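Have a look at the structure below, then the notes.
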Amino acid sequence: MEEGLYERIYEVIRQIPRGRVATYGQIAALVGPPCGGRTVGYALAALGRRLDGPPVPWQRVINAQGRVSTGPDQQRLLEAEGVVFDESGRTDLKRFGWPGPESAWAAAHGIGAPSPAEPSEAESPQLRLF
DNA sequence: CTGATGACGAGCG
DNA sequence: CCGCTCGCCATCA
């Protein structure tokens, strides 16, 4: 079954849990070439034209600068999920960044694993909001 | 089929 | 810290 490139991008984005955010580059890296950073943005822009299909948490995808791309509306949606932004409109990817999909899921979809070994949960953003 | 368009990333000054 | 340039995929009219 040859799914469209955009579909694969959506599938990866659907793995992002609530309260976490992923960057365009991160999604592109998981999908793999020829998907570049731009393509992910294009795919999300195309979402506006897709009136049907499974939901895609597009608001959880932000740029590498830790800033939202679509405007204050997106930031508000994320804040409602527990993501914190500073006065500059930036969020700490160290705390709210998505570690990546689960190994099992990644393997089942032929996605490159985020890291060879599971990273130790040193911090739990949602429980360590201070 | 051709042309226009769209929500980024990294590098450099 | 900010702004500019280049790279380049799929979808729509």
Side-chain angles (χ1 to χ4, degrees):
Chain A
M1 291 165 58
E2 279 297 88
E3 296 178 341
L5 179 60
Y6 283 10
E7 263 319 304
R8 285 174 55 195
I9 293 173
Y10 300 147
E11 220 166 347
V12 172
I13 295 176
R14 281 188 211 110
Q15 309 310 310
I16 307 174
R18 186 173 177 284
R20 288 290 174 99
V21 293
T23 66
Y24 289 87
Q26 189 177 358
I27 302 300
L30 288 170
V31 174
C35 182
R38 273 179 151 184
T39 310
V40 176
Y42 296 155
L44 288 178
L47 264 182
R49 297 179 311 246
R50 293 211 167 197
L51 302 179
D52 55 322
V56 177
W58 59 268
Q59 73 269 26
R60 293 174 194 155
V61 183
I62 63 178
N63 57 41
Q65 310 163 63
R67 287 179 171 170
V68 297
S69 306
T70 63
D73 176 60
Q74 183 183 6
Q75 182 177 320
R76 209 166 69 62
L77 283 171
L78 290 174
E79 289 178 326
E81 296 188 348
V83 180
V84 180
F85 290 83
D86 60 23
E87 309 78 9
S88 314
R90 288 165 65 173
T91 187
D92 187 356
L93 294 175
K94 289 285 188 181
R95 295 169 60 195
F96 304 103
W98 179 46
E102 294 179 18
S103 303
W105 186 93
H109 287 260
I111 300 294
S115 54
E118 278 299 306
S120 51
E121 296 297 325
E123 301 175 66
S124 295
Q126 303 184 79
L127 300 177
R128 289 262 187 184
L129 294 181
F130 200 78

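For clarity, every value in this text was computed on a predicted model and none was experimentally measured. A note on names: the letters A, B, ... follow the listed sequences, proteins ahead of strands, and every chain is numbered from 1. Heavy-atom basis, side chains included; hydrogens, waters and symmetry copies ignored.
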Carefully, step by step, assess F96(A) and E81(A) under the rule side-chain contact (heavy atoms from CB on, under 4.5 Å). CA-CA 11 Å; F96(A) 304 103; E81(A) 296 188 348; over 6 Å; no
So V56(A) and V61(A), side-chain contact (heavy atoms from CB on, under 4.5 Å) or not? Walk me through it. CA-CA 10 Å; V56(A) 177; V61(A) 183; over 6 Å; no
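Checking Q26(A) against W98(A) by side-chain atom types alone, no donor-acceptor pair falls below 3.5 Å.
Pairs of Watson-Crick or G-U wobble type, with distances under 3.5 Å, assemble into runs of 3 or more in DNA chain B at these ranges: B:2-6 with C:9-13, B:8-13 with C:2-7.
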Which side-chain N or O atoms in residues 65-72 of chain A pair as donor and acceptor under 3.5 Å with protein atoms at least two apart or in another chain?
from	atom 1	to	atom 2	distance (Å)
S69(A)	OG	Y24(A)	OH	3.4
T70(A)	OG1	Q74(A)	OE1	3.0

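For the side-chain contact (heavy atoms from CB on, under 4.5 Å) test, no residue two or more places apart in sequence or in another chain qualifies with A45(A). Residues satisfying the salt bridge (charged side-chain N to carboxylate O under 4.0 Å, His left out) criterion with E79(A), sequence neighbours excluded, are absent altogether.
Between the Y10(A) side chain and the A43(A) main chain, a donor and an acceptor come within less than 3.5 Å of each other.
The local environment of CZ in R76(A) is sparse, with at most 12 non-hydrogen atoms from other residues, nucleotides or ligands closer than 6.0 Å.
Heavy-atom minimum distance, T23(A) versus A64(A): CG2-CA, 3.9 Å.
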Which parts of nucleotides 6-13 of chain B does protein reach within less than 4.0 Å, heavy atoms only, written one letter per nucleotide 5' to 3' as B for base, S for sugar-phosphate only and - for none? BBBS----
Tabulate protein N/O versus nucleotide N/O from nucleotides 1-4 of chain C, keeping only pairs under 3.5 Å, one per line.
none

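Rounding to the nearest 0.5 angstrom, the gap separating the OG1 atom in T91(A) from the CG atom in D86(A) is 8.0 Å.
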